[in-house]
Undergrad: 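Have a look at the structure that comes next, please.
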Number of protein chains: 2
Amino acid sequence: MDIRNKLIDKGLKVTPQRMAILEAIIELGNHPTAENIISYIKKEYPNIATGTVYKVLAVLVDNNLVRKVVTDKDISRYDGFTERHHHLHSPGSDVIGDYIDKELDEMLEAYFKKKKLPGFKIDNFTLHINGRFN
Amino acid sequence: MDIRNKLIDKGLKVTPQRMAILEAIIELGNHPTAENIISYIKKEYPNIATGTVYKVLAVLVDNNLVRKVVTDKDISRYDGFTERHHHLHSPGSDVIGDYIDKELDEMLEAYFKKKKLPGFKIDNFTLHINGRFN
DNA sequence: TCTTATATGAGAATAATTCTCCTTTAAGAC
DNA sequence: GTCTTAAAGGAGAATTATTCTCATATAAGA
């Protein structure tokens, strides 16, 4: 599905800003920050307001078109990666790797199907793996 | 090990502020924010500076006496829970539940012992489970 | 008790994010 | 195509968590 239709599919108004922001996230890769997105977009839309970018990002997150990636820095990053995946991170590095592993997903799903958590209904889960790139 | 000895054990100077902060994190539970910690401590040490609290928290995190818990809000929370655990979270709620499951830990460890990730050496991992408390 | 490296206090500075308010525009109705 | 209107965007001020600066105080070992 192309970017325009992703927005339409969620019942969102299609605006040039929304298209540009969603495209930027996908294009930039490695979980860009709001600032990364803003400077990327300003090449094409020099007048876009930072407030607009933050507002659009919130809309996209609310509609599950992008995921907000939290980091141990006081800065948010955004993930346009729609396939189910986990995150690899190394302390001191800003790189956040994506890790796709269907076998792992299935194993965890089977595990939680068998073992219910008392007082909690699981919707989804992400494994945050810390270590070292080499 | 008591709080004083946790500091000594890491080769850190023992100061009243460090003791109070570490105690506050353990005492407050549910992953307090820096602000929670500050207002708790001010009851006993009204003159503690916010900068001191942030600096001490950074020292404690660096020495693995507490963990920094990242959230999708732009605010850091701190975890004095030393036992190995995972996190339960519900969108829209500020509660972060701790989830201890040795069986899960062992299953994941066994899995990653068998299945190496190319270009990445795993140190540790935390499962972030989203869902609904009920 | 003395010395010194380190920690703290106070408050200014910074930086990511949010808010306000006015203008513009997308999208459906006609 | 034009009109209408609710929703979106622009500009920049405001907010707020966190960091920084630097002078003072103190923990810990000699």
Side-chain angles (χ1 to χ4, degrees), chain A residues 3-25 31-63 65-66 68-78 94, chain B residues 3-25 31-63 65-66 68-78 94:
Chain A
I3 288 175
R4 169 180 291 276
N5 282 310
K6 283 187 180 179
L7 292 169
I8 291 171
D9 186 54
K10 298 288 183 179
L12 298 173
K13 266 193 196 174
V14 176
T15 67
Q17 292 86 346
R18 286 177 172 177
M19 302 251 293
I21 289 165
L22 192 43
E23 190 184 3
I25 295 169
H31 316 92
T33 63
E35 205 201 326
N36 295 151
I37 295 164
I38 291 166
S39 60
Y40 180 89
I41 289 175
K42 283 212 166 162
K43 291 184 226 154
E44 213 178 330
Y45 291 88
N47 293 330
I48 197 162
T50 63
T52 298
V53 175
Y54 280 102
K55 229 177 313 171
V56 169
L57 286 170
V59 169
L60 298 177
V61 169
D62 284 349
N63 286 277
L65 289 173
V66 314
K68 194 168 187 173
V69 179
V70 296
T71 70
D72 56 357
K73 308 281 174 57
D74 61 345
I75 192 167
S76 293
R77 296 171 63 171
Y78 296 87
D94 281 340
Chain B
I3 288 174
R4 171 180 291 275
N5 282 309
K6 284 187 181 179
L7 293 168
I8 291 172
D9 186 55
K10 297 290 183 180
L12 298 172
K13 266 194 196 173
V14 176
T15 68
Q17 292 85 348
R18 285 177 174 177
M19 302 250 293
I21 289 164
L22 192 44
E23 189 184 3
I25 294 169
H31 316 91
T33 62
E35 206 201 326
N36 295 150
I37 295 164
I38 291 166
S39 59
Y40 180 89
I41 290 175
K42 283 212 167 163
K43 291 183 227 155
E44 213 177 330
Y45 291 88
N47 293 328
I48 198 163
T50 63
T52 299
V53 175
Y54 280 103
K55 230 178 310 171
V56 169
L57 287 169
V59 169
L60 297 177
V61 169
D62 284 349
N63 286 277
L65 289 173
V66 315
K68 194 168 187 172
V69 179
V70 296
T71 70
D72 56 358
K73 308 283 174 56
D74 60 346
I75 191 167
S76 293
R77 295 170 65 171
Y78 296 88
D94 281 340

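All heavy atoms count here, side chains included; hydrogens, waters and symmetry mates do not. Quick caveat: nothing in here was measured; it's all calculated off a predicted structure. So that the names make sense, note that chain A is the first sequence line, chain B the second, and so on, each numbered from 1.
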Undergrad: Can you list everything that forms a side chain to side chain donor-acceptor pair (under 3.5 Å) with B:T33? Sequence neighbours excluded, please.
TA: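 Residues passing side chain to side chain donor-acceptor pair (under 3.5 Å) with B:T33: B:N36.
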Undergrad: Using the test salt bridge (charged side-chain N to carboxylate O under 4.0 Å, His left out), find all partners of A:D74 that sit at least two apart in sequence or belong to another chain.
TA: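 Listed in chain order: nothing, the list is empty.
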Undergrad: Show me the donor-acceptor pairs within less than 3.5 Å that the side chains of residues 7-15 of chain A make with the rest of the protein, sequence neighbours left out.
TA:
| unit_1 | atom_1 | unit_2 | atom_2 | d |
| --- | --- | --- | --- | --- |
| A:K10 | NZ | A:N63 | O | 3.2 |
| A:T15 | OG1 | A:R18 | N | 3.1 |

Undergrad: Please list, chain by chain and in numerical order, all residues satisfying side-chain contact (heavy atoms from CB on, under 4.5 Å) with A:V70, sequence neighbours excluded.
TA: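 Applying side-chain contact (heavy atoms from CB on, under 4.5 Å) to A:V70 gives B:V70, B:D72.
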Undergrad: Could you state the interatomic distance from CD1 (B:I25) to CD1 (B:I37), rounded to the nearest 0.5 Å?
TA: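 Interatomic distance, B:I25 CD1 to B:I37 CD1, rounded to 0.5 Å: 4.0 Å.
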Undergrad: Whole-Å distance between C:dA10 P and B:Y45 OH?
TA: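 Between P of C:dA10 and OH of B:Y45: 14 Å.
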Undergrad: In this structure, how many angstroms lie between the P atom of C:dA7 and the NZ atom of B:K10, rounded?
TA: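 These atoms are roughly 16 Å apart.
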Undergrad: Could you note down all residue pairs passing side chain to side chain donor-acceptor pair (under 3.5 Å) where residues 37-46 of chain B supplies at least one of them, sequence neighbours left out?
TA: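 Sorted pair list comes back empty.
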Undergrad: Which two nucleotides bound the region of DNA chain D that has atoms under 4.0 Å from heavy atoms of chain A, read 5' to 3'?
TA: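 Contact boundaries, 5' end first: D:dA6 to D:dT18.
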Undergrad: If an axis is fit to five pairs at each end of the helix from C:dT1-D:dA30 to C:dC30-D:dG1, what is the angle between the two, to the nearest 10°?
TA: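 About 40°, once rounded to a multiple of 10°.
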Undergrad: Students often get this wrong, so: under 4.0 angstrom with heavy atoms, is A:V56 touching a base, only sugar-phosphate, or nothing?
TA: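 It contacts sugar-phosphate atoms only.
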Undergrad: How long is the straight-line distance from CD1 of B:I41 back to CD1 of B:I48, given to the nearest 0.5 Å?
TA: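 Nearest 0.5 Å value for the CD1-CD1 distance: 4.5 Å.
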Undergrad: Along nucleotides 22-30 of chain C, 5' to 3', which nucleotides get a B, which get an S, and which get a -, given that the test is a protein heavy-atom distance under 4.0 Å?
TA: ----BS---
Undergrad: One character per nucleotide, please: for nucleotides 14-20 of chain C, 5' to 3', B when the base has a protein heavy atom closer than 4.0 Å, S when only the sugar-phosphate does, - otherwise.
TA: --SBBB-
Undergrad: Once side chain to side chain donor-acceptor pair (under 3.5 Å) is applied, do any residues pair with B:N5, and if so which ones, sequence neighbours excluded?
TA: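 For B:N5, the residues satisfying side chain to side chain donor-acceptor pair (under 3.5 Å) (neighbours in sequence not counted) are B:D2.
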Undergrad: With sequence neighbours excluded, what pairs up with B:D62 under the side-chain contact (heavy atoms from CB on, under 4.5 Å) test?
TA: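 Residues passing side-chain contact (heavy atoms from CB on, under 4.5 Å) with B:D62: none at all.
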Undergrad: Could I get the full list of side-chain contact (heavy atoms from CB on, under 4.5 Å) partners for B:S76, not counting sequence neighbours?
TA: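 Result, side-chain contact (heavy atoms from CB on, under 4.5 Å) vs B:S76: B:K68, B:Y78.
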